[in-house]
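Please read the structure below before turning to the comments.
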Amino acid sequence: MQKREELYAGKAKSVYLTDDPDRLILEFRDDTSAFDGEKVEQLARKGMVNNYFNVFIMDRLAEAGIPVHVEQRLSDTQAVVKKLAMIPVECVVRNIAAGSLCRRLGVQEGMDLNPPTFELFLKNDALHDPMINESHVETFGWAKPAQLARMKQLTFQVNDVLKQLFADAGMLLVDYKLEFGVFKGEIVLGDEFSPDGCRLWDAQTREKLDKDRFRQGLGGVVEAYEEVAKRLGIDLPQ
Ligand code: ADP
Ligand code: TMP
Ligand code: ASP
């Protein structure tokens with residue numbers, strides 16, 4: 001497969017066309033962004049760690065029957081993925097209260113959410129990813145109702161698989177964000193699943209092992225991601 005020109009450079013990843021019109025190369029950079037690009041820093045090894053992490057998680061999801069875009073890891077920081085027509089809507093499930101939910105509703109961080117919540121956000125940095133609802137998605141044509149229903153079903157299926165996976169490795173999956181796209185008429189999970197887009201706490205101490213360490217200036221960001229990878233048995237290069 002031949003790498004061709006850059007299609008898009010996001011805040012943390014770059015996307016390249018290939019000689020196959022149905023395939024892209026996703027490159028994970030060390031750039032780390034928070035607050036919709038307001039805080040950006042380079043963290044050594046982060047691109048590599050997230051690439052290995054994402055391929056590992058997407059493989060587990062595929063084994064559980066979830067359609068995913070990742071086909072294979074290409075190098076330490078790159079993976080081959082299906083070229084999706086991305087839907088600009090972020091699906092967020094929360095098992096435990098944290099982040100914007102606490103700010104919005106005044107609930108205590110750490111409260112168990114039963115059943116887990118499902119929220120939608122518009123992917124738009126300039127507007128700071130505003131929260132939206134199903135009627136906005138339909139009215140503005142971001143996705144058809146059947147597509148949105150499928151995204152919701154898959155987002156909860158991901159929760160069943162990953163809550164258990166992280167629990168088995170001594171961690172709590174607090175919340176996470178997923179992005180979907182369309183490939184040959186089917187809704188497919190795209191983008192990434194890594195500690196950049198989810199919250200993970202140590203099950204015993206509730207220590208934060210995700211991008212909140214960067215958002216909150218706690219330090220040890222990549223060290224925490226590598227600790228999570230180690231607990232999952234992901235073999236990272238030295
Ligand atoms: P952002 O756009 O939020 O700054 P990134 O730096 O992570 O994000 O850039 C990756 C971009 O690639 C995102 O816009 C994401 O929606 C898009 N993307 C992820 N997976 C695919 C895919 N399989 N096909 C097409 N676009 C994708
Ligand atoms: P929030 O508490 O900031 O709304 O985020 C909920 C979860 O979704 C958290 O794990 C971070 C993730 N997320 C992103 O990765 N990118 C986003 O743009 C949004 C809105 C959430
Ligand atoms: N994912 C967004 C960003 O990269 C929001 C965040 O993580 O705080 O800026």
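Residue numbers start at 1 and run along the sequence shown. When a ligand or atom number is given, it counts from 1 through the structure's own listing order.
Residue contacts with ligand 2, taken as heavy atom pairs separated by less than 4.0 Å, involve Arg215 solely via side-chain atoms from C-beta onward. Counting heavy atoms under 4.0 Å from ligand 2, residue Asp175 touches it through both backbone and side chain. With a 4.0 Å heavy-atom cut-off, ligand 3 is reached by the side chain of Arg215 but not by its N, CA, C or O. Within the 4.0 Å heavy-atom criterion, the part of Asp196 lying near ligand 2 is the backbone and not the side chain.
Close approach of ligand 2 to Cys198 (heavy-atom distance below 4.0 Å) involves ligand atoms 10 (O). In summary, the atoms of ligand 3 found under 4.0 Å from a heavy atom of Phe35, numbered by their order in the structure, are 5 (C), 6 (C), 8 (O), 9 (O). Of all atoms in ligand 1, listed by their number and element, those nearer than 4.0 Å to a heavy atom of Val81 are 23 (N). Close approach of ligand 3 to Ala34 (heavy-atom distance below 4.0 Å) involves ligand atoms 3 (C), 6 (C), 8 (O), 9 (O). Counting atoms of ligand 3 from 1 in the listed order, those under 4.0 Å from a heavy atom of Gly37 are 9 (O). Of all atoms in ligand 1, numbered sequentially from 1 with element shown, those under 4.0 Å from a heavy atom of Glu179 are 15 (C), 16 (O). Annotation for ligand 3: atoms under 4.0 Å from non-hydrogen atoms of Lys11 are 3 (C), 4 (O), 9 (O).
Atom 1 (N) of ligand 3 has its closest protein heavy atom at Lys211 NZ, 3.7 Å. Among protein heavy atoms, atom 16 (N) of ligand 2 sits closest to Lys177 CE, 3.6 Å. Nearest protein heavy-atom contact of atom 20 (C) of ligand 2 is Glu90 OE1, 3.3 Å. With respect to atom 4 (O) of ligand 3, the closest heavy atom belonging to the protein is Ser33 OG, 2.7 Å. Residue, atom and distance of the protein heavy atom nearest to atom 1 (P) of ligand 2 are Ser100 OG, 3.4 Å. Annotation: atom 5 (O) of ligand 2 to nearest protein heavy atom, Arg199 NH1, 3.6 Å.
One distance of note links CG of Asp22 with CG of Leu84; it measures 10.0 Å at 0.5 Å rounding.
For atom 27 (C) of ligand 1, the choice among Met86, Lys83, Lys177 with the nearest heavy atom turns out to be Met86. Selection from Lys123, Lys13, His69 by nearest heavy atom to atom 23 (N) of ligand 1 gives His69.
Residue contacts with ligand 1: Leu84 is placed with a nitrogen or oxygen under 3.5 Å of a nitrogen or oxygen of the ligand (distance criterion only). The shortest N/O to N/O separation between Asp36 and ligand 2 does not fall below 3.5 Å. In terms of polar-atom proximity, defined here as any N/O pair under 3.5 Å, Asp129 does make such a contact with ligand 2.
Both the sub-6.0 Å distance and the 45° axial angle are not jointly satisfied by Lys46 relative to the ring of Tyr225.
Of the N and O atoms on the side chains of Asn95 and Asn159, at least one donor lies less than 3.5 Å from an acceptor on the other residue.
The closest approach between any non-hydrogen atom of Arg94 and ligand 2 is below 4.0 Å.
Between Arg45 and Asp30 no salt bridge is recorded (no basic side-chain N to carboxylate O distance below 4.0 Å).
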